[in-house]
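What you are looking at is a predicted structure, and each value in this text was computed from that prediction instead of being measured.
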Amino acid sequence: MPETQATTADLIAAYVDTHPKSREAFERANRVLPGGITHDSRALTPFLPYIDRASGARKWDIDGHEYVDYAMGHGALLLGHAHPAVVEAVRRQVALGTHLGANHLLEIEWAERICAMVPGVEMVRFTSSGTEATLLALRLARAATGRSKIVKFRGHFHGWHDAVMPGQAPPWDEVPEGVPAAVARETIVVPQDAAALDAALAAEPDVAAVILEPSGASSGTLPVPPGFLKDVRRVTAERGVYLVFDEVISGFRWAPGGVQEISGVTADLVTMAKILAGGLPGGAVGGRRDLLEPIGIPRGNRRKIQHPGTYNANPLSASAGIACLDLIRDGRAQAHAADTAAALRRGLNTVLASLGVRGAVYGEASSFHVAFDRAITPGDPASARALPQETLKQQRGLRPAGPLTVAMLTRGVHLFGLGGFTSIAHGQEDVDRTVDAFEHALREIGSWLPD
């Protein structure tokens with residue numbers, strides 16, 4: 001690789017100099033926002049740009065720079081930014097009322113579409129976020145079984161409530177800050193392995209549910225092995241434990257019916273958000289009627305499960321969600337975005353191979369992940385997928401992550417961590433621009449890359 005490498009100080013100084021308004025905004029933010037940010041994933045040295053507007057696959061910051069965007073609303077924007085149908089639906093509804101304080105037809109229409117699209121969904125309960133959805137799903141399972149414990153897999157992300165915080169990142173057995181040890185003990189964390197799950201359920205009879213991302217941890221950062229989902233479904237059924245699929249990211253993105261549609265494996269409950277609400281705040285739990293009915297009218301000797309929520313199925317989110325689901329229900333949007341992501345992965349791997357960089361890009365559907373490690377064959381995604389779970393999960397914290405993000409931003413590309421999502425708005429021009437930026441960025445940060 002030619003010696004065109006910059007030092008950390010040079011890279012950051014050049015970025016700061018060309019983003020003076022974002023720098024000023026970040027200084028203001030630090031006075032009123034913890035860390036100057038509103039989401040952990042937006043932490044970056046020196047700072048992420050402050051965005052002024054977005055359209056399609058592009059966005060523009062307050063300093064006037066244009067970016068090809070792969071954050072895509074943290075995966076919520078399969079249609080791209082400001083899709084006209086979603087904008088019109090929200091514009092129309094905001095004039096009719098943003099919170100009606102009563103029932104409305106949009107909540108029924110939204111739920112009907114979900115039931116029609118997602119396998120195994122007989123009823124739906126709306127929430128305001130994915131975190132709320134996984135919280136509710138686990139409460140439903142505990143109420144149905146009378147048991148208190150849950151099992152989750154190492155590295156799988158299900159939001160930030162106490163029950164799902166353990167095991168999100170190494171060390172897997174560490175009790176997260178602010179989570180009571182007694183609460184953490186109710187969560188059993190196991191490796192992403194069906195045999196390990198079976199052993200854990202055999203040893204602990206007080207488990208109500210198993211929850212996992214069927215795409216693999218962190219939207220496929222830790223890919224699931226072949227047959228894994230079927231094995232998990234078999235084990236949970238044999239052990240009498242409910243299975244919860246967290247499809248907050250993969251739902252409606254991997255396919256109109258999510259990973260359940262592709263795999264043919266149906267969970268007892270499925271959690272959804274992001275694309276569900278067309279990019280507005282919104283989440284939901286769907287699944288078996290007998291598990292969801294106690295939220296409304298209890299049957300037999302079961303008590304009602306309490307679940308309020310001021311903004312559940314609010315008409316703005318419902319209108320955006322309906323508009324979005326109507327556009328993606330036939331699968332063409334998912335296929336287009338997946339084809340673009342595949343082309344992007346091929347292009348980025350070609351660059352890694354040509355430069356001899358020990359890294360690779362892998363992913364499923366319309367997602368992609370970049371990994372660096374001495375054990376990777378340059379540009380070979382199979383060797384990246386074969387890395388230990390701890391190595392894949394910690395990629396965002398490794399030395400190349402920050403410099404690569406800054407170098408790509410300097411060249412007009414915004415990655416989401418070390419990867420991102422495509423949408424129907426992304427096309428070949430975006431792919432070409434990204435691949436070119438990637439090559440120049442790797443040359444610039446060569447000293448941070450594994451030998």
Side-chain angles (χ1 to χ4, degrees), residues 1 3-52 54 59-75 155 157 160 168-170 176-177 218-219 221 348 352 357-359 361 368-373 390-421 434 437-451:
M1 187 183 301
E3 294 295 327
T4 59
Q5 300 165 10
T7 66
T8 305
D10 290 340
L11 187 66
I12 291 177
Y15 177 82
V16 170
D17 286 347
T18 55
H19 294 76
K21 293 182 179 179
S22 283
R23 179 188 61 197
E24 180 183 357
F26 186 61
E27 291 170 352
R28 288 176 55 200
N30 270 290
R31 293 193 287 269
V32 292
L33 300 171
I37 56 176
T38 54
H39 191 291
D40 288 352
S41 70
R42 296 176 200 147
L44 177 70
T45 301
F47 48 78
L48 277 177
Y50 281 74
I51 303 303
D52 180 56
K59 60 188 179 185
W60 294 263
D61 68 20
I62 58 177
D63 287 291
H65 303 296
E66 179 184 271
Y67 304 93
V68 179
D69 183 25
Y70 293 106
M72 281 288 109
H74 296 200
F157 180 79
W160 54 265
Q168 283 189 5
E177 190 70 21
S218 299
S219 66
T221 301
L348 299 179
L352 290 162
V357 174
R358 291 195 172 277
V361 183
F368 66 99
H369 310 279
V370 184
F372 297 102
D373 193 83
E390 289 84 353
T391 303
L392 287 174
K393 186 66 177 180
Q394 292 177 313
Q395 285 292 314
R396 289 188 182 186
L398 297 182
R399 290 180 68 237
L404 178 61
T405 300
V406 174
M408 292 293 281
L409 285 168
T410 300
R411 290 165 176 80
V413 177
H414 182 199
L415 300 177
F416 185 50
L418 276 179
F421 305 94
T434 304
F438 191 62
E439 178 175 355
H440 286 86
L442 289 177
R443 292 183 184 278
E444 185 173 25
I445 70 163
S447 61
W448 286 281
L449 299 172
D451 299 327

Trainee: So, using side-chain hydrogen bond (donor to acceptor under 3.5 Å, both in side chains) as the criterion, who are the partners of Thr410 when residues are at least two apart?
Mentor: none

Trainee: Taking the ring centre of each residue, are Phe368 and Phe421 less than 6.0 Å apart?
Mentor: no

Trainee: Applying side chain to side chain contact (heavy atoms under 4.5 Å, CB included) between Phe47 and each of Glu27, Arg23, Arg42, report the one that passes.
Mentor: Arg23

Trainee: Between Thr221 and Lys393, is any side-chain donor less than 3.5 angstrom from a side-chain acceptor?
Mentor: no

Trainee: Could you please spell out the steps behind the side chain to side chain contact (heavy atoms under 4.5 Å, CB included) verdict for Tyr50 and Asp63?
Mentor: CA-CA 8 Å; Tyr50 281 74; Asp63 287 291; over 6 Å; no

Trainee: Measure the CG-CG distance between Leu44 and Leu409 for me, rounded to the nearest 0.5 Å.
Mentor: 6.5 Å

Trainee: Between the side chain of Glu390 and the main-chain N/O of Pro170, is any donor-acceptor distance below 3.5 Å?
Mentor: no

Trainee: Once you round to the nearest 0.5 Å, how far does CG of Asp52 lie from CH2 of Trp60?
Mentor: 10.5 Å

Trainee: Can you tell me if Arg411 uses its side chain to pair, donor with acceptor, with the backbone of Ala407 under 3.5 Å?
Mentor: yes

Trainee: Taking atom CD as the centre, does Glu24 end up with more than 12 heavy-atom neighbours from other residues, nucleotides or ligands that are less than 6.0 angstrom away?
Mentor: no

Trainee: Could you tell me which non-hydrogen atom of His19 sits nearest to which non-hydrogen atom of Pro49, and how far apart they are?
Mentor: CD2-CB, 4.3 Å

Trainee: Check whether any side-chain heavy atom of Ile37 lies under 4.5 Å from a side-chain heavy atom of Leu33, and answer yes or no.
Mentor: no

Trainee: Check His74 against Ser41 and note the closest heavy-atom contact, atom names and distance.
Mentor: CE1-OG, 3.3 Å

Trainee: If every non-hydrogen atom of Leu418 is compared with every non-hydrogen atom of Ala401, which pair is closest and at what distance?
Mentor: CD1-CB, 3.9 Å

Trainee: Distance from Glu439 atom CD to Thr434 atom OG1, nearest 0.5 Å?
Mentor: 13.0 Å

Trainee: For a quick test of reading the model, state the closest non-hydrogen atom pair linking Phe438 to Val370 and the distance between them.
Mentor: CZ-CG1, 4.4 Å

Trainee: Hey, are the side chains of Val413 and Tyr67 touching, using non-hydrogen atoms and a 4.5 Å cut-off?
Mentor: no

Trainee: Which atom pair, heavy atoms only, marks the closest approach of Gly359 to Phe372?
Mentor: CA-CD2, 3.9 Å

Trainee: Which atoms form the tightest heavy-atom contact between Pro400 and Ile445, and what is the distance?
Mentor: O-CD1, 4.1 Å

Trainee: Distance check, rounded to the nearest 0.5 Å: His369 atom NE2 versus Leu415 atom CG?
Mentor: 12.5 Å

Trainee: Looking at residues at least two apart in the chain, or sitting in another chain, which of them share a salt bridge (charged side-chain N to carboxylate O under 4.0 Å, His left out) with Glu66?
Mentor: Arg58, Arg433

Trainee: Going from CG on Asp61 to OG1 on Thr18, what distance comes out if it is rounded to the nearest 0.5 angstrom?
Mentor: 8.5 Å

Trainee: Give the intermediate values and the outcome of side chain to side chain contact (heavy atoms under 4.5 Å, CB included) for residues Met72 and Phe416.
Mentor: CA-CA 8 Å; Met72 281 288 109; Phe416 185 50; over 6 Å; no

Trainee: Please walk me through it: do Leu48 and His414 pass side chain to side chain contact (heavy atoms under 4.5 Å, CB included)?
Mentor: CA-CA 9 Å; Leu48 277 177; His414 182 199; 3.7 Å; yes

Trainee: Hey, could you give me the NZ/NE2 distance between Lys21 and His65, rounded to the nearest 0.5 Å?
Mentor: 10.0 Å

Trainee: Would you say Asp373 and Leu392 make side-chain contact, with heavy atoms under 4.5 Å?
Mentor: no

Trainee: Run the side chain to side chain contact (heavy atoms under 4.5 Å, CB included) check on Asp17 and Tyr15 step by step: do they pass?
Mentor: CA-CA 5 Å; Asp17 286 347; Tyr15 177 82; over 6 Å; no

Trainee: Output all residues satisfying side chain to side chain contact (heavy atoms under 4.5 Å, CB included) with Ala54, sequence neighbours left out; order by chain, then residue number.
Mentor: Lys59, His81

